[in-house]
Number of protein chains: 4
Amino acid sequence: MQQTAILLLHCPDKLGIITEITKFITDNNGNIVYLDQYVDKIDGRFFMRVEWELEKFAIPAEKLSEYIETLYGQRYNMQFQIYFNYEKPRMALFVSKMSHCLYDLLARYKAGELDVEIPCIVSNHEDLRYVAEQFDIPYYVWSIKKDWSNKQEVEREEMELMREKGITFIVLARYMQIISEEMIQQYPNRIINIHHSFLPAFVGAKPYHQAYQRGVKIIGATSHYVTSELDAGPIIEQDVVRITHKDTPETLVLKGKDLEKIVLSRAVKKHIERKILTCHNKTIIFS
Amino acid sequence: MQQTAILLLHCPDKLGIITEITKFITDNNGNIVYLDQYVDKIDGRFFMRVEWELEKFAIPAEKLSEYIETLYGQRYNMQFQIYFNYEKPRMALFVSKMSHCLYDLLARYKAGELDVEIPCIVSNHEDLRYVAEQFDIPYYVWSIKKDWSNKQEVEREEMELMREKGITFIVLARYMQIISEEMIQQYPNRIINIHHSFLPAFVGAKPYHQAYQRGVKIIGATSHYVTSELDAGPIIEQDVVRITHKDTPETLVLKGKDLEKIVLSRAVKKHIERKILTCHNKTIIFS
Amino acid sequence: MQQTAILLLHCPDKLGIITEITKFITDNNGNIVYLDQYVDKIDGRFFMRVEWELEKFAIPAEKLSEYIETLYGQRYNMQFQIYFNYEKPRMALFVSKMSHCLYDLLARYKAGELDVEIPCIVSNHEDLRYVAEQFDIPYYVWSIKKDWSNKQEVEREEMELMREKGITFIVLARYMQIISEEMIQQYPNRIINIHHSFLPAFVGAKPYHQAYQRGVKIIGATSHYVTSELDAGPIIEQDVVRITHKDTPETLVLKGKDLEKIVLSRAVKKHIERKILTCHNKTIIFS
Amino acid sequence: MQQTAILLLHCPDKLGIITEITKFITDNNGNIVYLDQYVDKIDGRFFMRVEWELEKFAIPAEKLSEYIETLYGQRYNMQFQIYFNYEKPRMALFVSKMSHCLYDLLARYKAGELDVEIPCIVSNHEDLRYVAEQFDIPYYVWSIKKDWSNKQEVEREEMELMREKGITFIVLARYMQIISEEMIQQYPNRIINIHHSFLPAFVGAKPYHQAYQRGVKIIGATSHYVTSELDAGPIIEQDVVRITHKDTPETLVLKGKDLEKIVLSRAVKKHIERKILTCHNKTIIFS
């Protein structure tokens, strides 16, 4: 596999940015293997993902960020991130009692579908330790008291573990705890949640029961980045399935589980591939 | 075409109802051509639609309701409706300025897909008169003042027209006016609306703009019976379409229009076929 | 959980069958908990699934088949099957090298979603032994030579294993071998396959490459019972996903894997619930 | 509305093409309002659609093609087309007896959704003349004899009409006649058909009956450019809808009609927007 650099950027739209960036890469002997851009006409904002081979590229990888900042950062008022395909993202999985999302992610990981490291699984329950053991991944449990009296302390220890393990992003694979503001700020747009409804319908607890009560004919699942407002972060992926009056809350849960795992896995894959940009509480998803 | 009777009923679930009803029909020489039933285990409620040929049926059509009431009504605490396939529903279409739902329904009507009469089209604007004229259907306009000062009077005249024309149900084909409580009570579960969102997400005005703001990845449309609570009546049909970050409010409107007309037409067709039962603000839709 | 009997039947349509069968059950103190029927007007054929509690039922379970045959079998020229919910189906999984369908079924099994026994996993390769071991299920490997010189012998041994283990149905979870006529006849409508295309498009080998070549905009997966004609058995379930010109055979394989596992699992679940009837190479799927 | 030029091109992939083309446009004071490109890695082929405002553009519109050919055509072995947004495509509609696709296209046209001229509707039957009259569009009928003895002559007259009316593309809106090789060659990738199946399943006549016979659980519709091989041209758009064992050929036809009109209209819209490139019997659809 060729080593590549990935540049994700956005800035106010201006004539010629794409020309400049691609020229910069090709002039320095970078072979572009991926290029996609998008202009938000309403906000007047330019978004771009470009990936190129480093083999003959004139600028050393460790200097790249500095060059981009110097050459284009201020001039275009540009926000950008640089990744290298040989630096794998390191994902922590947070779970509670339901195994379907966890199994789905681990089965993909094991089959080589996700180019990621999984240094640990964290839970507030012992229930899924056996899954972690099946896949030989360390499993950490911190019980959270019903009155949340130890929540702050637990999160501090979890964050300590995240640091130790060099975690770059967190996936809440049906983790039934609210994440505190402090933790979110340490992983901005780097905590992915799966909510078991078609957001913004049925925010909060027991969305399948809400859907049953309302008598909808379609249910959904939504994967989004976690922000301080509950279930209101930037949406990465959604999908739905048709239901009928014959469905009960129990069959909705079963049908929903299939949605949840597929939707979460798609979102995680896009994140790992560094194909998501976030702006104004929305995502731009490159294909 | 054979003349048939259609019996739609629901009642508390009890052993043997289906046996009794089918026996009643067959014992009286009715040839059952459609039978579907559903038991809501959670509410303990039984729902049924049965249709049979009247040719050799022993009980005269005009006595049927009386017989059902006497034999089963009180005994099973049963709510029921009887229809005859030779009595076509009479549909009034209410429209404002957008033509897509109107055209879709009229094109189906003209092609013989909808077994219905359309005695009139009602609007608060002149805009779509040309469509009504294309299809030779009387078009009535009552302007509603911005301060709603004449709304009550307009509705009274509209209701008068409904009576004159023998209207059995009303379809709001993107009619951008709120229907008053009085009008709803005259047509309970007989006013069908199309809302341009995947309810209960984005209730109220400008749902596509709301969807754009929220950054959802899927938009929908919902057809429901109108009740006194805005956009909260029993849902008949929903459908969705996938969108991306590239969509603007304008392209959402265009994509949504395709959903709206298909979803509304499906709901209208089910209503015309007398395949919808309503209970506890939900619909049972027979196939 | 209440013990129940499940009766699946079909026969030429005739007035009063449903009345007779439900009367038979209720007269003998069976409490009906599920009833669904369907009349194929074109073929003039009646299909029914009825399930009732055995607690106070007057006829002993082991005599039930005899009674149905005597009372209705010949009279209605009826084909029927009887199951009891306390007799779990016993499923053998056949796999080759791809793990996604296997993991998906085992994760559901482990989570209690599938009311089934899984006495063994059979393969023509060693590759997935680790998955079987993760879930503590015996894994049997018979290599099949490229010239098929040992295929007959292998199948004989596999059938021997099926008998020993009391297998009631077989699931080909991406098992890349053709099943012989002999084996199919021992498990008629009891071998479930997943084909990685939207049948009847792209029968045979490498359907994703065929789809890529043809430039379709949607790909699918199909679960069906295996018959002697390749990929032509009764279809149980299908689903599709939208693709674009940007997809390569490799991304089609990835997207398809998600379809395959969901479609296969849905089909397996319906089979386990005894909700499938087969007639004229088509399935009736009760809801 | 600003006047714009649209350049659609494809050529063997080579470093720097996108830079050159965008530089060419911006250097000549063209303001790029749309840019999308795609690299087919398997075929090593580059595809691009770029649109820019002509207001201050240095090169006169009528010289543009010459410049592109001279500067890039041979050098990159490039195939390209140039369009101007102020030159509306001129569409001829060919129909037979079914009105749903025709109504759908005309209703969109009337609502201003399609930026196109419709100078004529052509048919082999009188049946839909009333629709053409509703929309005040000239309707031409040429009956084709069952033995096709006058087919060549009819097509010659139709082509004569196409020339007179300056038709740029033809839409077969459920036109139930095979188009001859001669006619296809005069409109290469400019005749759009709607086939009422999910191609390549159920090529040819009566696809809904074929689908019914096969017992599929999903049906589809496919819009494609017409080539000399029946139902085998480049696919533009497809969509599907779920069906059940309860569907008959008649209900499949009804459900299919909704698919057909939506799928055809989406394809027509993409064509009108000049967002389709065709290569190796496949389409690249820009978003």
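The basis for the numbers below is simple: all heavy atoms, side chains too, and nothing from hydrogens, waters or symmetry mates. Below, chains carry the letters A, B, ... as their sequence lines are ordered, and counting in each starts from 1.
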(message) So for D:Asp13, is it side chain, backbone, both, or neither that comes closer than 4.5 Å to the heavy atoms of chain A?
(response)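 Neither part; nothing is under 4.5 Å.
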Is the number of heavy atoms from other residues, nucleotides or ligands within 6.0 Å of [atom1] ([X]) greater than 12?
{"X": "D:Lys41", "atom1": "NZ", "answer": "yes"}
{"X": "D:Lys206", "atom1": "NZ", "answer": "no"}
{"X": "D:Glu62", "atom1": "CD", "answer": "yes"}
{"X": "D:Phe57", "atom1": "CZ", "answer": "yes"}

(request) Sort out for me which of D:Ile32, D:Ile21, D:Leu35 touches chain A most, counting heavy-atom pairs under 4.5 Å. (result)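 Most pairs with chain A among the choices: D:Leu35.
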(request) Report the option among D:Lys23, D:Glu20, D:Gln37 that has the most heavy-atom pairs separated by less than 4.5 Å from atoms of chain A. (result)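 Among D:Lys23, D:Glu20, D:Gln37, the one with the most close pairs to chain A is D:Gln37.
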(request) Give the C-alpha distance, both sets of side-chain angles, the deciding distance and a yes or no for side-chain contact (heavy atoms from CB on, under 4.5 Å) between A:Ile18 and D:Ile18. (result) CA-CA 9 Å; A:Ile18 189 170; D:Ile18 189 168; 4.2 Å; yes
